[in-house]
S.K.: 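Structure incoming, see below.
Just so we're clear, the structure is a prediction, and the values are computed from it rather than from any experiment.
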Amino acid sequence: MTRKETLVFVLSIWACVFPGVLVFSYLFQWLAPNLPLWIEIGVSTLVTVPFISLVCSPQIEKLLAKARDESLAEFKRKQAEAVE
């Protein structure tokens with residue numbers, strides 16, 4: 001990926017993470033205000049990380065591939081070749 005694509009990818013992931021963490025923060029303040037912070041962070045990441053990995057990241061990769069006018073397979077192949 002180019003630097004611009006990497007920046008778009010990282011900012012897009014952040015745009016997915018931030019609202020999820022924010023919602024969980026408010027939810028825990030409302031449902032369990034005395035819950036220890038480490039439990040709040042643990043539950044928040046337990047839900048947010050799989051959502052990012054399984055839903056957001058593949059969608060962002062599809063958008064980046066489409067912007068390059070490539071298929072997702074071509075996009076991933078070029079990513080793999082760049083690593084080697």
Side-chain angles (χ1 to χ4, degrees):
M1 280 194 287
T2 64
R3 287 181 189 246
K4 182 180 177 182
E5 289 171 336
T6 302
L7 182 62
V8 167
F9 184 80
V10 169
L11 290 175
S12 299
I13 293 293
W14 176 82
C16 294
V17 170
F18 181 75
V21 172
L22 184 64
V23 165
F24 272 100
S25 180
Y26 281 121
L27 187 65
F28 283 123
Q29 286 179 4
W30 182 64
L31 292 175
N34 296 326
L35 195 65
L37 182 61
W38 67 271
I39 293 175
E40 180 181 329
I41 292 170
V43 172
S44 175
T45 57
L46 184 67
V47 174
T48 306
V49 170
F51 176 73
I52 298 303
S53 300
L54 300 173
V55 177
C56 293
S57 184
Q59 293 302 317
I60 294 166
E61 288 174 341
K62 284 180 188 177
L63 290 173
L64 287 173
K66 188 176 182 178
R68 280 186 174 186
D69 200 28
E70 297 176 343
S71 70
L72 183 57
E74 291 171 324
F75 181 77
K76 292 224 176 237
R77 191 175 305 113
K78 286 182 180 178
Q79 275 185 312
E81 288 170 356
V83 172
E84 296 174 351

S.K.: Quick one: do Val43 and Val49 end up in the same hydrophobic cluster if we chain Ile, Leu, Val, Met, Phe, Trp and Tyr together by side-chain heavy atoms under 4.5 Å apart?
M.R.: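 Different clusters.
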S.K.: Could you tell me which non-hydrogen atom of Pro50 sits nearest to which non-hydrogen atom of Val47, and how far apart they are?
M.R.: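 In this case the closest contact between Pro50 and Val47 is CD-O, 3.5 Å.
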S.K.: What distance do Leu11 atom CG and Phe18 atom CZ have between them, rounded to the nearest 0.5 Å?
M.R.: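 Leu11 CG to Phe18 CZ: 13.5 Å, rounded to 0.5 Å.
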S.K.: If you compare all heavy atoms of Pro19 against all heavy atoms of Trp14, which two are closest, and at what distance to 0.1 Å?
M.R.: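 Nearest heavy atoms, Pro19 then Trp14: CD-O, 4.3 Å.
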S.K.: In terms of hydrophobic clusters joined by side-chain contacts under 4.5 Å, are Val10 and Val8 together?
M.R.: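 Result: no, two separate clusters.
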S.K.: Please list all pairs meeting side chain to side chain donor-acceptor pair (under 3.5 Å) that have one or both residues in residues 47-62, counting only residues at least two apart or in different chains.
M.R.: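 Residue pairs with at least one partner in residues 47-62: Glu61-Lys76.
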S.K.: For residues Val17 and Phe24: do they belong to one hydrophobic cluster (side chain heavy atoms under 4.5 Å, members Ile, Leu, Val, Met, Phe, Trp, Tyr)?
M.R.: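 Val17 does not cluster with Phe24.
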S.K.: Please name all residues satisfying salt bridge (charged side-chain N to carboxylate O under 4.0 Å, His left out) with Lys66, sequence neighbours left out, ordered by chain then number.
M.R.: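 With neighbours one apart ignored, the set is empty.
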S.K.: Could you state the interatomic distance from CD (Glu5) to CD1 (Ile60), rounded to the nearest 0.5 Å?
M.R.: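 Those atoms lie 13.0 Å apart.
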S.K.: Report yes if some heavy atom in the side chain of Arg68 is under 4.5 Å from a heavy atom in the side chain of Glu74; otherwise report no.
M.R.: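 Not touching, per the 4.5 Å side-chain cut-off.
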S.K.: To the nearest 0.5 Å, what is the distance between CG (Leu64) and OG1 (Thr6)?
M.R.: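 Reported value, rounded in 0.5 Å steps: 8.5 Å.
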S.K.: Out of curiosity, Leu63 CG to Leu72 CG, how far, rounded to the nearest 0.5 Å?
M.R.: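 Result: 10.5 Å between the selected atoms.
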S.K.: Report yes or no: do Val55 and Ile13 belong to one cluster of Ile/Leu/Val/Met/Phe/Trp/Tyr joined by side chain heavy-atom distances under 4.5 Å?
M.R.: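 Yes; tracing contacts between hydrophobic side chains, which count when under 4.5 Å, links both residues.
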S.K.: Could you state whether Val21 and Trp38 fall into the same hydrophobic cluster, counting links through intermediate Ile, Leu, Val, Met, Phe, Trp or Tyr residues with side-chain heavy atoms under 4.5 angstrom apart?
M.R.: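 Looking at the clustering, Trp38 is in a separate group from Val21.
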